[in-house]
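Counting from 1, the numbers follow the sequence of the chain as shown. Computed from a predicted structure; not experimentally measured. Heavy atoms only: backbone and side chains are in, while hydrogens, waters and symmetry mates are out.
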Amino acid sequence: MNEQHQQEVSEGAIVPSQPDAGHDDRRWVGLALAAIATHQLHTAIVEPDERPVRAALLGLQTAVAASAWLSLSPAARRTRGAVWALLALGPITGALIGHLLPIARGRPIPAATETAPLNIAGGAMLMALGLRDFRRN
């Protein structure tokens, strides 16, 4: 890091993200999708009746992962960010409504609740990455 950049950061200046500068974004997207996929696989194993739905969700995640590797124009990156943010709502609301709400209401603990926090965390991370790309100029 050069001195000028270091000085700006130490003075509290806003440092813009540079998503295409390295491979970190792809790693973060991969981490988010891995967390979501862990819950999807766990649910597919524990609840065999849901395997077709879980397989479809894993296929959708594969498409999201593939889109992280594309070099896109700024307008296309904004669109991809919006799509990621919308797709992130699924894991977040699914874990809240399907797992945490029944527990809060005193109902029996649903199957695969052990990995539901990974679903929420992965969805939140994907949402943050998507909103960051969507808000970008």
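Hydrophobic clustering (side-chain heavy atoms under 4.5 Å, transitive across Ile, Leu, Val, Met, Phe, Trp, Tyr) groups Ile120 together with Leu89. One hydrophobic cluster, built from ILVMFWY side chains closer than 4.5 Å, cannot hold both Val83 and Met127; they sit in different ones. Taking hydrophobic clusters as Ile, Leu, Val, Met, Phe, Trp and Tyr residues chained together by side-chain heavy-atom distances below 4.5 Å, Leu86 does not share a cluster with Leu57. Under the 4.5 Å side-chain heavy-atom criterion for grouping Ile, Leu, Val, Met, Phe, Trp and Tyr, Val29 is connected to Leu60 within one hydrophobic cluster. Follow the hydrophobic side-chain contacts under 4.5 Å out from Leu87 and you reach Met125 in the same cluster.
Between Leu72 and Asp133 there is no side-chain heavy-atom pair separated by less than 4.5 Å. Annotation: side chain of Thr43 is not in contact with side chain of Asn119 (no heavy-atom distance under 4.5 Å). Here the side chains of Arg107 and Leu101 are not in contact, with every heavy-atom distance at 4.5 Å or above. His42 has its side chain out of reach of Thr38: every pair of non-hydrogen atoms, C-beta onward, lies at least 4.5 Å apart.
The side chain to side chain contact (heavy atoms under 4.5 Å, CB included) test with Leu58 singles out one residue from Leu41, Ile36, Leu33, and that residue is Leu41.
Remark: His39 NE2 to Thr113 OG1 distance equals 7.5 Å, nearest 0.5 Å. Taking CZ of Arg80 as the start and CG of Leu129 as the end, the distance is 9.5 Å to the nearest 0.5 Å. Ile109 contributes atom CD1, which lies 11.5 Å from atom NE2 of His99 (distance to the nearest 0.5 angstrom). Of the inter-residue distances, the one linking Leu70 atom CG with Arg77 atom CZ reads 10.0 Å to the nearest 0.5 angstrom.
Among all heavy-atom pairs drawn from Ala111 and Val46, the shortest one is CB-CG1, 3.4 Å. The minimum heavy-atom distance linking Gly130 with Trp84 is given by the pair CA-CB, 3.9 Å. Nearest heavy atoms, Phe134 versus Ala82: CD1-CB, 3.7 Å. Between Ala88 and Gly123, the shortest heavy-atom distance links the atoms CB-O, 3.2 Å. Contact detail for Pro110 and Gly98: the closest heavy-atom pair is CG-O, 3.2 Å. Taking both residues in full, the closest heavy atoms of Gln40 and Gln61 are given as CG-OE1, 4.0 Å, listed atom of the first, atom of the second, then distance.
Of the possible polar contacts, one joining the Ser73 side chain to the Ala76 backbone as a donor-acceptor pair under 3.5 Å is found.
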